[in-house]
Amino acid sequence: MARDRFSEHQASTNGATDTPTRTAGALGLAVLARAEEVAQTVAEHWELGRRSFSADEDALRPDVHRFSEEGTRRVCHFLISGEVGADPASTASAGWYIANRSSTLADMLKIYLYWRDSLVAVLIEEAERLSTDPEALAMAQQATRIGTDAALVEVARRCDEYSALLQTQLEEEQNRLSHQALHDALTGLPNRVLFLERLATSIEAATRRS
């Protein structure tokens, strides 16, 4: 939707100089120069809101910073060129941490909202400094919100995939351990434990019939 609005701006002048488009590009360039600042702000907010200080949580910090900076760059790229990009690596990484319980879904949601709010604040600051056309600013804010929503949907999807994978691996490991406990390691034949279990089951069934 935001991209369509950008295209409408371009088409509205039939090739003439388009002030809203130019100011959207100028806004994108200005905010792009502050991408590192946005990422640092998000990382600081995340640090203050952390629930634990485990090694797994510490390992998440570079991903928080990388996601924030690259997310800002994608929005700026859209404002400058009108092209929409994607970064499946960031969302996949976020989903992996959720699935491994290194970070809760609530914590991950906070990261995305920190980024959205921090980027919108910078967009507003730069728009005021540049006297950006209000429609261009509105488009930039909408693109940021749409990007956040899309990323959260992707995180949820990846999280489900990883959770299903981990559940399958857990079941396979449980089956393997169960087989090892009841079968001889060399021959693979049922061992004494399995024999006694089956014997007890047979005796119990015979007792019930009698």
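Atoms CG and OG1, on Leu109 and Thr148 in that order, are 10.0 Å from each other to the nearest 0.5 Å. Arg116 CZ to Ser68 OG: the interatomic distance, rounded to the nearest 0.5 Å, is 13.5 Å. Distance check, rounded to the nearest 0.5 Å: CD1 of Ile124 to OG1 of Thr132 gives 11.5 Å. Interatomic distance, CG of Asp63 versus NE2 of His65, reported as 12.0 Å (0.5 Å rounding). Note: Asp117 CG to Lys110 NZ = 13.5 Å, rounded to the nearest 0.5 Å. Summarising the geometry, atom CG belonging to Leu32 is positioned 13.0 Å from atom CZ belonging to Arg74; distances are rounded to the nearest 0.5 Å.
Of all heavy-atom pairs spanning Ser118 and Val42, the tightest one is OG-CG2, 3.9 Å. Residues Gly28 and Cys76 share a closest heavy-atom pair of O-SG, 3.4 Å. Of all heavy-atom pairs between Val122 and Val38, the closest is CG2-CG2, 3.8 Å. Residues Ala140 and Leu27 approach most closely at CB-CD2, 4.0 Å, considering heavy atoms. Minimum interatomic distance between Ala30 and Glu126 (heavy atoms only, all atoms of both residues): CB-OE1, 3.4 Å. Closest approach of Ile80 and Gly25 over heavy atoms only: CG1-O, 3.7 Å.
Residues forming a side-chain contact (heavy atoms from CB on, under 4.5 Å) with Ala43 (at least two apart in sequence, or on another chain): Arg61. Residues passing the side chain to side chain donor-acceptor pair (under 3.5 Å) test with Gln169, sequence neighbours excluded: none. The salt bridge (charged side-chain N to carboxylate O under 4.0 Å, His left out) test applied to Glu125 returns Arg34, not counting sequence neighbours. Residues that satisfy the salt bridge (charged side-chain N to carboxylate O under 4.0 Å, His left out) test with Glu173, not counting sequence neighbours, are Arg176. For Glu171, the side chain to side chain donor-acceptor pair (under 3.5 Å) criterion is met by Gln167, not counting sequence neighbours.
For residues 114-149, the pairs satisfying ring pair (Phe, Tyr, Trp, His ring centres under 6.0 Å) are His45-Tyr114, Phe67-Trp115, with sequence neighbours left out.
Under a hydrophobic-cluster definition in which Ile, Leu, Val, Met, Phe, Trp and Tyr are linked whenever side-chain heavy atoms come within less than 4.5 Å, directly or via other members, Ile146 and Val153 are assigned to different clusters. Leu130 is not connected to Leu123 by any chain of hydrophobic side-chain contacts under 4.5 Å among Ile, Leu, Val, Met, Phe, Trp and Tyr, and they are in different clusters.
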Next on the checklist: Run Glu44 and Gln40 through side-chain contact (heavy atoms from CB on, under 4.5 Å) and show every step you take.
Outcome noted: CA-CA 6 Å; Glu44 289 174 357; Gln40 185 62 33; 3.4 Å; yes

Checklist entry - So Leu79 and Met139, side-chain contact (heavy atoms from CB on, under 4.5 Å) or not? Walk me through it. => result CA-CA 9 Å; Leu79 294 176; Met139 181 178 64; 4.2 Å; yes

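Side-chain contact between Val31 and Val75 is absent, with no heavy-atom pair separated by less than 4.5 Å.
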